[in-house]
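Read the structure below first, then the notes.
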Amino acid sequence: MTFTEINGVAIHYDWRAGSGMPVVFLNSLGTDFRIWDGVVAQIGDAPILRMDKQGHGLSGLAPLDMDRLVADAAALMDQLNIGPAVICGVSVGGMIAQGLAITRPDLVAGLVLCCTGATIGTDEIWNDRIEATMTGGLEPMGDAVMQRWFSPDFHAQRAVEMAGYRNMLVRTPAPGYAAVSAAIRDADFTQGATGITVPTICVAGEEDNATPPALVRTLSGLIAGSTLYVISAVGHLPGVEVPHEVAQRVITIRTQVGVA
Ligand SMILES: O=C(O)CC1=CCC(=O)O1
């Protein structure tokens, strides 16, 4: 296990050395970096950085907002002297990836933005979720979240794995989940995304109940030259359900930027 200190907070990360353009993976709400295991196994010997954002996995927690989450990812890349890199983020990880491309374009060669948007949800959705988390913890919402994360096929055919991912969710510290929920609520990249110029693929899951394809299509429309790739029969975490699909999109962008 590897940790570093960023702005007084212990950040848990995993760095795998390799050759060519590095790939940085950024996580969704309520998950840790193990969700990328299947994708990492299918992208050859690319150098790979994964991290647990604040309040998740084994990382610590301090007062945060979206700017802080973006700055943490940038600081880790700077510490490790990684960049420019292909950034692959899912959900809030995709928002952090947008923030990196906007504020630290020197670190970003290309983007794979999975199941994300320039904004996600509404104030009401996030305020209700924060209140529920801080009063009852994550366990009572576990089943509802699984409906958003995974397709009906995954529920039917991969029930044991789903139970494991449910454990990952409900073991996320409530203050961490609530803090990142507030950061999502308050973030809006609608303007900033129009300034992104690096090669970008936006990936949507046809059965995603958290960030439906229409939201991802809107994001893709903001990023000039980006392409939209919709995966059928997949929910909010395509890297878990169909890792080869996400790996292929990462390989495509690495090839496009010319240093795969
Ligand atoms: O609603 C969920 O649980 C899924 C999700 C929304 C933002 C994020 O990062 O994950």
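Atoms within a ligand are numbered from 1 in the order they appear, just like the ligands themselves.
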Numbered atoms of ligand 1 (with element) below 4.0 Å of Val145, judged on heavy atoms: 3 (O)
Tyr13 and Leu80, any side-chain heavy atoms less than 4.5 Å apart: yes
Evaluate Ile120 for polar contact with ligand 1, using N/O atom pairs at a separation under 3.5 Å. no
Please classify the Ser28 to ligand 1 contact at 4.0 Å (heavy-atom distances, strictly less than): side chain, backbone, both or neither. both
Regarding Ser91 and Thr116, do their side chains bring together a donor and an acceptor under 3.5 Å, going by distance alone? no
With heavy atoms and a 4.0 Å threshold, my read on which part of Val90 contacts ligand 1 is neither
Relative to ligand 1, is Leu29 under 4.0 angstrom through side chain, backbone, both or neither, heavy atoms considered? both
Short N/O distance, under 3.5 Å, between Val92 and ligand 1? yes
Near Ile184, which atoms of ligand 1 are under 4.0 Å from a heavy atom of that residue? 7 (C)
What are the two closest heavy atoms between Glu5 and Gly8, and how far apart are they? OE2-CA, 3.5 Å
Grab the two heavy atoms, one from Leu138 and one from Thr172, that are nearest each other, plus how far apart they are. CD1-O, 3.0 Å
Side-chain donor/acceptor of His56 to backbone N/O of Gln54, under 3.5 Å: yes
Check each of Ser91, Gly93, Gly30 against atom 9 (O) of ligand 1 and report the one with the nearest heavy atom. Ser91
For Phe150, does the six-membered ring have the charged nitrogen or CZ of Arg158 within the cation-pi criterion, i.e. under 6.0 angstrom from the centroid and within 45° of the normal? no
Closest to atom 3 (O) of ligand 1 among His236, Lys53, Met141, Arg129 (heavy-atom distance): Arg129
